[in-house]
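Each remark here refers to the structure printed beneath this line.
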Amino acid sequence: QVHVVESGGGLVQPGGSLILSCAASGIIFYIYALGWYRQAPGKQRELVASITAGGNTDYGDSVTGRFTISKDNAKNTVYLQMNSLKPEDTDVYYCYCNTKTAIIAARRDYWGQGTQVTVSS
């Protein structure tokens, strides 16, 4: 019912920048929040950044000051600008959309398949 698709991952050198995009589509009544988590094999999932419908943002401690989240409401799209990338930022980045498909539907998270970000020289 709701599809979430990430794009923009890839290989970047330390100190470089990358922009991730994530578009939500399908039957969407209202989007409460959009955001990004990351997870490497064997590691716990970590919040990268989130943004609410009202524009309030939250960042993980390890990315504060380097990453910026933004959104385009008309396109149901969220962006993650990543600057000053470090090798420890290497992970699979997952986008989520917290939404409901109808006024009486339950609010829930929908997740994308993930996009790989590799920071290496």
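Looking at every heavy atom in both residues, Asn73 comes nearest to Lys71 through OD1-NZ, 2.5 Å. Residues Tyr96 and Asn98 come closest through the heavy atom pair CD1-N, 4.0 Å.
Between the side chain of Gln81 and the main chain of Thr68, no donor-acceptor pair closer than 3.5 Å is present. Not a single donor-acceptor pair under 3.5 Å links the side chain of Asn76 to the backbone N or O of Ala23. Side-chain atoms of Thr118 never come within 3.5 Å of backbone atoms of Thr90 as a donor-acceptor pair (strictly under, hydrogens ignored). Thr115 places a side-chain N or O within donor-acceptor distance of the main-chain N or O of Gly9, the cut-off being under 3.5 Å.
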Identify all side-chain donor-acceptor contacts of residues 11-22 below 3.5 Å with residues at least two apart in sequence or on another chain.
{"unit_1": "Ser17", "atom_1": "OG", "unit_2": "Asn83", "atom_2": "OD1", "d": "2.9"}

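Hydrophobic clustering (side-chain heavy atoms under 4.5 Å, transitive across Ile, Leu, Val, Met, Phe, Trp, Tyr) keeps Leu80 apart from Tyr37. A chain of hydrophobic side-chain contacts below 4.5 Å, direct or via other Ile, Leu, Val, Met, Phe, Trp or Tyr residues, connects Ile51 to Ile28. Put simply, Ile69 and Leu85 are part of the same group of oily side chains (I, L, V, M, F, W, Y) that touch within less than 4.5 Å, one to the next. The hydrophobic clustering, which links ILVMFWY residues whose side-chain heavy atoms are closer than 4.5 Å, places Tyr59 and Val78 together. One hydrophobic cluster holds both Met82 and Val119 under the rule that ILVMFWY side chains link at heavy-atom gaps under 4.5 Å.
Residues Cys97 and Ile31 meet the side-chain proximity criterion, which asks for heavy atoms closer than 4.5 Å. With contacts defined as side-chain heavy-atom distances shorter than 4.5 Å, the pair Asp89/Arg38 qualifies. The shortest distance between side-chain heavy atoms of Phe29 and Thr101 does not fall below 4.5 Å.
From Cys95, atom SG reaches atom OH of Tyr110 across 14.0 Å, with rounding to the nearest 0.5 Å. Atom-to-atom distance recorded for Gln39:CD and Gln44:CD is 8.5 Å, nearest 0.5 angstrom. Note that CG of Leu47 is 9.0 Å distant from OG of Ser62, once rounded to the nearest 0.5 Å. One distance of note links OH of Tyr32 with OG1 of Thr99; it measures 7.5 Å at 0.5 Å rounding.
At least one test fails for Arg45 against the ring of Tyr94: distance under 6.0 Å to the centre or angle within 45° of the axis.
Taking a 6.0 Å sphere around CD of Gln113, one finds it holds 12 or fewer heavy atoms contributed by other residues, nucleotides or ligands.
In this pair, Phe67 and Tyr93 present their aromatic rings tilted. The plane angle is within the 30 to 60° band.
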